[in-house]
Structures are given as structure tokens and as C-alpha cells.
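Report on the following structure.
Each chain gets a letter, A, B and so on, in the order its sequence line appears, and its residues count up from 1.
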Number of protein chains: 2
Amino acid sequence: MEAKTVDAGLLQSRYRLTRQRSAVLRALGEGTHLSAEMILERVRAEMPGVSLGTIYRTLDILRGIGLVQIFSYGGSAARYEAVLDKHHHLLCSECRSLTNVTAEGVERIARDMAAREGFSDIDFSLTVVGRCRDCAKHSHLQSV
Amino acid sequence: MEAKTVDAGLLQSRYRLTRQRSAVLRALGEGTHLSAEMILERVRAEMPGVSLGTIYRTLDILRGIGLVQIFSYGGSAARYEAVLDKHHHLLCSECRSLTNVTAEGVERIARDMAAREGFSDIDFSLTVVGRCRDCAKHSHLQSV
DNA sequence: CTCTCTGCAAAGCATTTGCACATTG
DNA sequence: CAATGTGCAAATGCTTTGCAGAGAG
């Protein structure tokens, strides 16, 4: 029952552990940077009939508990991922692919920023937007 | 005609300089972290009849040229600001207020991340989400 | 058994788009 | 003038919500 590991956070919370929530957690354990629709697809594979509304409600709860992290960047649908390690994001402005990257030193800077302005209970994330290797290769567009 | 300074970027671009675009740039020069609606309000003050669609189209162009920066964080409407200095953001998870902060060292880290993964033409931004001083003071909620 | 969760379908926003006319260069 | 830009209004896409029945503890 490795599910227990995944579900632990929910069990410890004030929320009920339902099959739907468990399935969402499992989906997020298998894939990363999933949109709500993509999660719905995966969840429905083993449990048809689940609604998108439930996915969104669940994701919201999981984010509140701190099990899930949202990445949203104007326009497209938000992406969700399980909170495992602390990492940052590279977003390709062309193909919209997302890459996780770890980076040293960001935490200290973030904590300094927060301290200077009196922020508490912080989370932080460095996002780099640019053109990924593949898109740079496959296109002959000039940089602006 | 200080407008020239503001309009320069557009004049140098392949886009036409219209009264609407000029007004959007001026609005962004006066306020920061404005939503499209807020910009519309300001622009309409001097030029009634401008449409929201035009604001969005203009903002998109300005972002493409690099004159404007978007900040979007799930749920609420995106915020726009003129690109003046390089800064980062503190977002209060409670009152949703946005604060600009400059920080040393972020650029080198971002460039390292990009280099490691082969990203080019990058822009980067460190976002810290937390509880601002005021919200921490006025509420007696426990940290999660 | 009570309280919470879910599916369904409709509503809500923010943003985008097609089109005919107006404007810029 | 030819090419672009604009207003209008409708369309789109993502996310949220009200409600009545189902499920968890």
C-alpha cells in the first residue's frame, strides 16, 4: 500500500480522504506539470465519471495543505505538480514547455527580500522565460 | 513633449504609434501593477470609447517589444507594468498586494539555469509569496 | 447518522477574435 | 492609398459555484 505515503498528508489534514482525491495525488505523483484537464484524463482512466470541478476543488485543497504547487503563467491553463523538492522553472516562450531546475542561492535571496519587507510564511520561485534549445534550433527567427 | 521618451520604443518598432497605444504607455508610466481594466479606466479618462480589446492587443505588442512586463499569478487578472529597472515581486497571499523589490544575485543564478539547459533570450523573475506585514499583524491565523 | 464531498450544469471572469470602418505612415 | 489599427460584440477557455444526492468517518 504505497498509497499511504501519498495520502498521508490528506489524512493528517482536516479533509476527508476520498477515492477522487487519492487518484489526483497519484496522478500528480506520476506526471509533473499537469493541467487540470490532464489530471482529469488520468483520473478518469481508473475512475470514469469524475468531474473537472472535483479536480479543481481537490487541487485547491492540496495546494492549501502544501502538497501541491501551482504554476500559472498568463494565458494558458495552470500547471500543477506535487511538492517534492524545491526547484525553479524554465518556461519556453515558444513551445510553452516547462522544465524544472534546482538552483543554489535562491532561497537566501528570497528570505532576504521577505525579511526586508516584513513578509512571513513565504514560498518562492524563480521563473526564467526564454527560448528552449529545440525552439532555437528549429526556428530561424531573430531575437528581438 | 516628454511623450517622445515613452513612445520611442514603439516608433522604433514595426508597429504604428497610435493615440491609444501612446495613452496605454502613459498610463503604465504613471501607475504600476495595473490590470487591463485599470489601464482601460485611465486611458478612457482622456479618451472615452477605447475598448478593452485594444488595451489587451496593445499590451501584447508592448510586451513583445519588451516595453511591458506581465505578472500573472493564478486566478486574478494579470498585472502589467512598464519595464524600467529589473526587479522582483513579493505577493501577499492574503490581500494580494504586490510589492517590487530589487535583489542582487538573481541574474547570475537565472543565467546559470538558462545556460545549463540551453535557453536563450531569457527574461527572469523571482516571486515570493507570503503574508505581508499588515496581514500578519491584523490576523491571528496560525501559519500552516 | 451527520457532515463533507461529488457530479452536473450553469455561471463567472479574463482574454481573444472576426469584421467593417477609421487611422497611420 | 495601402497597410494597420480600432470599436464592437460575440466567442473562447479556464475556473468556480449552487444544488441535490452519494459517501466518509
Span of DNA chain D engaged by chain B, first through last nucleotide within the 4.0 Å heavy-atom cut-off, is D:dA3 to D:dC8

- Query: Would you say A:Y80 and A:L62 make side-chain contact, with heavy atoms under 4.5 Å?
  - Reply: no

Does the A:S93 side chain pair with the main chain of A:G130, one donor and one acceptor, at a distance under 3.5 Å?
yes

_Just so I know, are the side chains of B:R57 and B:Q20 near enough to count as touching, which here means a heavy-atom distance under 4.5 Å?_
no

Between OH of B:Y73 and P of C:dA14 the distance, given in whole Å, is 18 Å

| query | Are B:L17 and B:V43 co-members of a hydrophobic cluster defined by side-chain heavy atoms under 4.5 Å apart? | reply | yes

- Query: Between B:F71 and B:V24, is there a shared hydrophobic cluster once you connect ILVMFWY residues whose side-chain heavy atoms come closer than 4.5 Å?
  - Reply: no

| B:L28 versus B:L59: any side-chain heavy-atom pair under 4.5 Å? | yes

Between CG of A:L62 and P of C:dC5 the distance, given in whole Å, is 12 Å

Rounding to 0.5 Å, atoms CD (A:Q69) and NE2 (A:H33) come to a distance of 8.0 Å

Between A:H88 and the options A:N100, A:T99, A:T127, A:V106, the side chain to side chain contact (heavy atoms under 4.5 Å, CB included) test singles out A:V106

A correct 5'-to-3' footprint of nucleotides 15-25 of chain C, with B, S and - meaning base, sugar-phosphate only and no protein heavy atom under 4.0 Å, is BBBB----BBS

